[in-house]
Amino acid sequence: MSFRPTAYVEDVSPGSGALPPRAHASSDAPSLSLNGSWRFRLSDTADAEDDSFAAEGYDAGDWAEVTVPGHWVLQGHGSPVYTNHLYPFPVDPPRVPTENPTGDHLRVFDLPADWPAGGGAVLRFDGVESCARVWLNGTELGDFKGSRLPHEFAVGPLLKPAGNVLAVRVHQWSAGSYLEDQDQWWLPGIFRDVTLLHRPADGVRDFFVHASYDHVSGTGTLRVDSDVPGRVTVPDLGVDVATGEPVTVPVEPWTAETPRLYDGVLATAGERVRLRIGFRTVAVADGLIKVNGRPVLFKGVNRHEWHPQRGRALDPETMREDVLLMKRHNINAVRTSHYPPHPAFLDLCDEYGLWVIDECDLETHGFTEQGWRDNPVDDDRWTPALLDRAARMVERDKNHPSVVIWSLGNEAGTGRGLTAMAEWIHGRDPSRPVHYEGDPDCRDTDLYSRMYASHAEVERIGRGLDGGPRRRRALPFILCEYAHAMGNGPGGLADYQRLFERHDRLQGGFVWEWIDHGIAHPELGYAYGGDFGEELHDGNFVCDGLLFPDRRPSPGLIEYQKVIEPVVLTGDGTAGTVRVANGYDFADLSALAFSWSYEVEGEPVDSGTLSVPALAPGESAEVKLPAVPAGAPAGEAHWTVRARLAADTPWAPRDHVVAWGQIPASARPVPHVAATARPAAGDGVLTLGPAEFDARTGAPRTICGVPVTGLRLDVWRATTDNDDGAAWQSDLRFGLLWRELGLHRMRHRLDAVEPGEDALTVRTRVAPAARELGLSTVYRWTSDGDRLRLTVSTVPDGDWTVPLPRLGIRFGLPAADRVRWYGGGPGEAYPDTRTAARIGRWQSTVDELQTPYVRPQENGARIDVRWAELGGLRIEGDPAFFLTARRWTTEQLDAAAHRTDLVPGPTVWVNLDHGQHGIGSQSCGPAPLPRYHLRAEPAEFSFVFSPTDNGSPTSL
Ligand code: IPT
């Protein structure tokens, strides 16, 4: 028998046999989940011939089993493939390769004993990638494409009380794959729920809840249109009306900040459907996106569905965890990049309050490789498939108050098909604006949207100086993607936020992206592109989230949380007040309780509550701070003011900190060491106060009794994904420039060791091979007999046009575990990722200082450190410094591909940095702003070493 490709797989049509799309609903009609263990057989090709398995009585006893929902490639059958925009098959639409992994799925089920005799039944698939053909009891129901969209089949007459055989053939590749070229793993399978729904006679079919809010009168107008007439009741509002009939009543509006939902029921003769009604009105008016008459500021994220073991087959707990994490981190908006999510996710957004841009399952990015030639979205043959996708999204999700914007898709170029989708959506649901980023002319859209625009460009757009077509100039602006959260970063978030706050037209943005798509791997920790031997892949570009794959927040999320906090608490310490600004769009501050604490050297001296008026959105006030607590010790002091939840909310308990600010109260005394000790020469050794030096090299051997190795100037960092930049970046990519210059292999030439009257001076020149530029570096050691001071002076010579990665010293300690410091914390911070660093006293361990980026890279610096204690040494900085410590060298970190490559050595390597180059977002977006560049300039910085108070080995 020769191979014959299966026709429907390569057909541009959306499929055949499925029912028209309708609203997702929960009703009192019985249903039967068909999730669970299914019989499974994998073939290499989509062969038209062998469909005998679908027949009743087929014996699948020797087949494997898979869990539905799930992806077979994550269950031991075949393997995942990651590409960003490249199609992992030849581009010849709508044809797909002969090698087309095809999973036959079989499930035998009985109807529950109480399954109603009358009525019909519908079989629903909430998501299957990428194309499926379905049989029930040997009868073919049809086939479908549109992976992240629901498909239903009428099956009533085919059902039997027992022994029903459901057969589903799933093909990894299909014509639909050309429309699903999102930047993510290709993961075939039945990855969302399969459900059998009883359909009572006279049951609800499709229905559309229109619930608007008039902010002038404070009333909501409700009208529920239904294919099957019935009645609509909302007990809390005293509403009892016929479908199709509008009713206006006083209501509390729904917003993401105040997600008021009213429970209701739509009842037809045969069925009762639960309604969760949120009254709100979305409009683009006066060039702004307004909800309930007020402009909104999106503090958003792009959310792909991801779980490190289950891929895109998310369980309800994981979805809830995402929503809770978002709410707790001050995020107020989600773009469902780049496909409609599992329907339960939108229920959670309604309930907890998140603005949603619901995006259609459409991306044809790979056609960019051929200048968009043959792009399906500009080819009329594909338009029915595009319209089918638009309708399946809108019809399924139209009753969610959280969905405020429809998005046509992502990165699909431009074309008539997109216009057809927009026209259809505008006609079907005029109550929501339409978004699409890929058309700079905004022909089909109601907002101007961009991705990864630089700060400067965003500012121009904010000022209305961006020009462009007339239609676009009148539109509000969002960044549907910005701040690429790949690896260490993103940098520059605070600078974007200040622009959004300053210019009305800028209505915020959506960080790319929510979570790293790392796949849990027994040997590698988390796998990324290439780890499954893919012939084409895009490496760790798939790990670019604010959460690590296990949903632990990365420093980027902590930074974002601080940058977007809804209350801004500021002050410079001169006025004895704190300025409190309400940054909510709808809520006043009555849900928050404010407190102050007065800290000296990071130790709380006194604390109390602060009474703050219930400021309206946008309002601010100067609030008096108390008098400085009597008897407060001398030293650097701060007021820390916090805004906490005054009561439990559904998303966080009472006392959860929503916002905080620090106000300096008195400055830090600079550490001083009198240079009274004199270097003394011994047997190959120079002694100065508590330190011993190699007399020949001037390098310290012990400081305060602690052996110290390799102390020297250091400029290298293990380049971050943002340092390295994306391959297509036309701007300077610092990581490459640094390596080209040789900054990762600096040589240290010793010029002089000069013991003097009151100092030991060591002169060096630090420079890379093959280059004329270098850093003349002088180490000057002084001591008062007990403490040791190192002052490093460095002067660049040659033509330094490139900033430095870092500038400081590094050295090795034989042992260190516990770390204490006074300065910025608790987490990592760099010059443009430092907003969340709070000045305080912190403790950690060397291991916990490490940030577990999936691809190892520079990480873990603590900023603004005044003093630190580790390994028996106390180190004070003049000025404050960045502290990094780890059990491997920077070079080992730089060479590692996965966390499992990092093997702790016997030495703890400590970096004390005077400066660090900014982080930026160049792994996809702009490099750090010039003000965060670490310019090669003359610099001088000091460290004072002394033993820790309890410097015994046990406290190391
Ligand atoms: C942008 C894509 O829309 C998104 O899916 C993701 O790939 C992101 O980039 C990078 O992680 S497209 C960008 C290349 C402009």
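Residue numbers start at 1 and run along the sequence shown. Both ligands and their constituent atoms are indexed starting at 1 by order of listing.
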> Measure across Cys543 and Val854 and return the closest heavy-atom pair with its distance rounded to 0.1 Å.
SG-CG1, 3.8 Å

> Stepwise, does the salt bridge (Lys or Arg N to Asp or Glu O under 4.0 Å) test hold for Lys398 with Glu395?
CA-CA 6 Å; Lys398 58 187 179 284; Glu395 300 301 5; 2.9 Å; yes

> By side-chain contact (heavy atoms from CB on, under 4.5 Å), which residues pair with Leu736, not counting sequence neighbours?
Arg733

> List by chain and number: which residues place a heavy atom under 4.0 Å from ligand 1?
Asn84, Asp183, His338, His365, Asn410, Glu411, Met451, Tyr452, Glu481, His484, Trp512, Phe541, Asp544, Trp728, Cys924

> Can a salt bridge be assigned to the pair Glu129 and Arg312 using a cut-off of 4.0 Å between side-chain N and carboxylate O?
yes

> Parallel, tilted or perpendicular: which describes the rings of Tyr178 and Tyr87, with under 30° parallel and over 60° perpendicular?
tilted

> With a 4.0 Å cut-off on N to O distance, would you call Glu559 and Lys562 a salt bridge?
no

